[in-house]
Amino acid sequence: MTEGSRRKSVLGRAIDGVSLGAVFVILWAGVHFAPGLRADAALVGSIGFLLLAGVLTAQVLEVVGLPHLSGFLLAGVVAGPHVLGLIAADTVPRLKPVNTLALALIALAGGAELKLEHLRRSLRSLVAATVGHGVVGALLSGLVFFAIRPFFPFARELSLPASLGVALLVGIIASARSPAATLGVLSQTHADGPLSQFTLAVVMISDVVVVVLMSLAVTLARPLIDVDATIGVHAFGALGHELLGSVSIGTTLGLALSAYLKLVGRQPVVVLLATGFGGTELLKYLHFDPLLAFLVAGFVVQNLTHQGERFLGAISAMGEIVYVLFFAIAGAALDLGLLRDQWPFACAFVIWRVAVTLGVARVSSRLAKDPPAVVEWGWSGLVAQAGLSIGLAAIMTQELPSLAPVGNLMLATVAVNQVLGPIVFKIALDRTKESRSLAALEDLGPPPVRT
Amino acid sequence: MGLLGLSYLGTLIVGGRTARGLPSGVEFLGLGFIVGPHALGLVQREVVLEFEPVVQAGLGWLAFVVGLDFGRVGGRRVRNGPLALGMTAACLVGVIVAVTVYLALQRASVAALDSRGAMLLAAGAGAVGAETTPLAVQWVAARWGARGQLTDLLSQLASADDLVPVAASGAIFALAPLPGLSVQLSASGWFLVTVGLGAILGTVTALLLRGAEGYQVWGALVGTLLLGVGTAARFGLSTLLVTFVMGVALAAVSPARRTLRDMVRRTERSVFYPLLLLTGASIDIGVFSTHRGLYFVVGAAIVARVLGKGLSSTVMLSVSPRARAAGGRLPLAMLASGPVTVCTALAFAIRFPGAAGSVLLTTAATYAIIGELVATYVLRRILVDAGEIEAGAPSVGAGA
């Protein structure tokens, strides 16, 4: 809990609830009395509503100890096209620029949170976890899919090689984590300690690993699924170009950002906005991976220059607002219809994925001789999935259109993990006493409005 | 990206300093026009249209900042006398301009405007021409170190009149709600809805800010503002009035009003300059070549504004002994135009696209240029003669 909200009385909570109701009524009145009018106005109103409803729902849910991210998601789900319909289905895709900015900031922040000193210190632990979750975990998840494929209607007809190809892709997508959820929960709890540091590092590294593995897996799976397709050397060449290019551009960007902070330092918000929007578009145009490039840029600023803390401060100034919108939009975009159709399979897959994550985490932590908090709770921050997994599922169906039903299953699984993951991680941080907000709140003064 | 780049350069050059750049920001307006679709064409019309949601949000934010600070100058409350005088003067100017423009339109008989369009243009011109920007007084004061009773009074009068164009936009928009709404109300009903929406959102924001910290503060501020802007625009109501009232209500209810003012004031220029660029890019002078009578209309609006300022200044001089130190040059000093003028014109242009909107944008730009050429110089001379600026005082440059 935040300090101010922890002090809120029952009356304060009631006022929050009433305010939330007022906000819903205002948006409802707009949708009900001016239907289909002024799409731009609907877009502006929707962003405002998601921001406000996200913040308010988070405060209301805080009473029961749920993380803020759950509140942001819930606000989006309830207002979204599948429940109240206050955010129209055609408005959701128009909110995409917010996600572009959010992902860029998340990657920059994620890279900047990775400190070389810490990485060196816990190298063994990180290698064990990355190999464990990225390779062993992915293989186990894929194997399970392969074994139980007769229960999936769309998988029954697949040939043996095609099933192997699909299992490979499913395994990779299952091994994707959510940097956004990790940073969001850490940002709320201000947690610091072995578990939070371990989770952050593993999630960020696995982000890169999964992007690489997915590119390889698509290349390998294509000829297994499509008998007319072949493996071309050029595919690996393109992958190498993408990876090396992204790292190079990320390094250059990081040095440029650092030089700017040192020499000019003014208007960092405008610079970050330009970097987020413009950089993403430019990198996509050049066929580089924006996520990897921004991650490297953040890492370079933190570890190769002296501007790391200043950089993180600039990102966090706007990052938290962006998290609210990112997750509220993700909530509005959750396809509940798909989840309703696929829920038995999705739930089964979620349970299996959590079991694999837990098992691999315990084994890899014991091998690496991690601290007890990591051994016990190391798996908790690796449950959440969000934008990256959705992106990977989209890549899969884009490259192999016949796998659309598998993509839908993955999306339904991600939907469950998106809700479940932050809750589990926050519980773990609270239990291990790494949440700073739970500690030493006794002697706080009256809460002012702070920025 | 271009917009971000240009606004960044602008804020880098001008910074947060009062005395840098020009008080009305007309240089950004000019730059927007030059790169816009009607001059060099570096920014296409489609791009300008695509920015409409951003513009709506920006307009709302500026009106919110003005509302939050309404009735205060430099952190001090404006007394009732100057407040009433400033508003009365603005009303007088607005009515004179509106009536003159309407009569000019009757005479010019512009084919692009039917009787409703003529009424809207006349009323809009009145709203756009009513105010005098306090930024001009602040700019002169910061640049030449002006200090004294007359400087204070002029600043207070200029601040007090911000309400008039914003409220006028609310009333005019309420007269013309969007077709297709599933609820019908009278104009006064829509006006009350506009004010009520702002008041509710301002109160909700104040409630949410109790004990808020970090992202919750900005989340509550930006969230309520965007919700207000989106809802008002959906019904075709004035986003300016909604967010202005929201600012006033928040300042009235929230104990953290001072902190909030400091917070949002820092953002004012970062929002205003991109808006000016887009306003410049939106100015369509093509409508004047097809309807030459509109030149006459704009000319009439300018003359009427000068006359209106003359009449209102006469009232000021007769009512306020402190104002007499300004002498007969006061009307020229009160010609200064700034953010409220441009934002009101832009709000009209978005709500009523076409000839009326284009003429209003052009008129507002002309007001700003004239104010820049005349008012700033005259203001300085007045304050020198009043002994509030030392004769021959060097320009401070960096300002406050």
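Letters A, B, ... are given to chains in the order of the sequence lines, protein chains preceding strands, and every chain is numbered from 1.
Each of B:Thr224, B:Val229, B:Val222, B:Val204 has some count of heavy-atom pairs under 4.5 Å with chain A, and the biggest count is that of B:Thr224. Of the listed residues (A:Leu50, A:Leu27, A:Ile15), the one with the most heavy-atom contacts under 4.5 Å to chain B is A:Ile15. Ranking B:Ser182, B:Ala232, B:Gly60 against chain A, the residue ahead of the rest is B:Ser182, based on heavy-atom pairs under 4.5 Å.
When heavy atoms are compared at a cutoff of 4.5 Å, A:Val18 does not approach chain B at all. Interface remark: B:Leu221 contributes no atoms to any contact with chain A (heavy atom separation under 4.5 Å). Residue contact with chain B, scored on non-hydrogen atoms closer than 4.5 Å, involves the side chain of A:Leu56 exclusively. Only the side chain of B:Ile200 comes within contact range of chain A, judged by heavy atoms closer than 4.5 Å.
In this structure, B:Phe70 has its ring center closer than 6.0 angstrom to the ring center of B:Phe244.
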Point to revise | Steps toward side chain to side chain contact (heavy atoms under 4.5 Å, CB included) verdict (B:Phe191, B:Leu185) | key: CA-CA 10 Å; B:Phe191 186 77; B:Leu185 291 175; over 6 Å; no

task = Check step by step if side chain to side chain contact (heavy atoms under 4.5 Å, CB included) holds for A:Trp28 and A:Phe49.
result = CA-CA 11 Å; A:Trp28 176 84; A:Phe49 171 82; over 6 Å; no

* To do: Could you give me the CA-CA distance, side-chain angles and deciding distance for A:Val44 and B:Arg234, then say whether side chain to side chain contact (heavy atoms under 4.5 Å, CB included) is met?
  => CA-CA 10 Å; A:Val44 173; B:Arg234 223 167 169 149; over 6 Å; no

- Message: Assess the residue pair B:Arg210 and A:Asp16 against the criterion (side chain to side chain contact (heavy atoms under 4.5 Å, CB included)); give the C-alpha distance rounded to whole Å, side-chain angles, the decisive distance to 0.1 Å, and a yes or no.
- Response: CA-CA 10 Å; B:Arg210 295 158 304 114; A:Asp16 284 347; 3.5 Å; yes

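Residue B:Cys343 comes nearest to B:Leu240 through the heavy atom pair O-CD1, 4.0 Å, listed as atom of the first residue, atom of the second, then distance.
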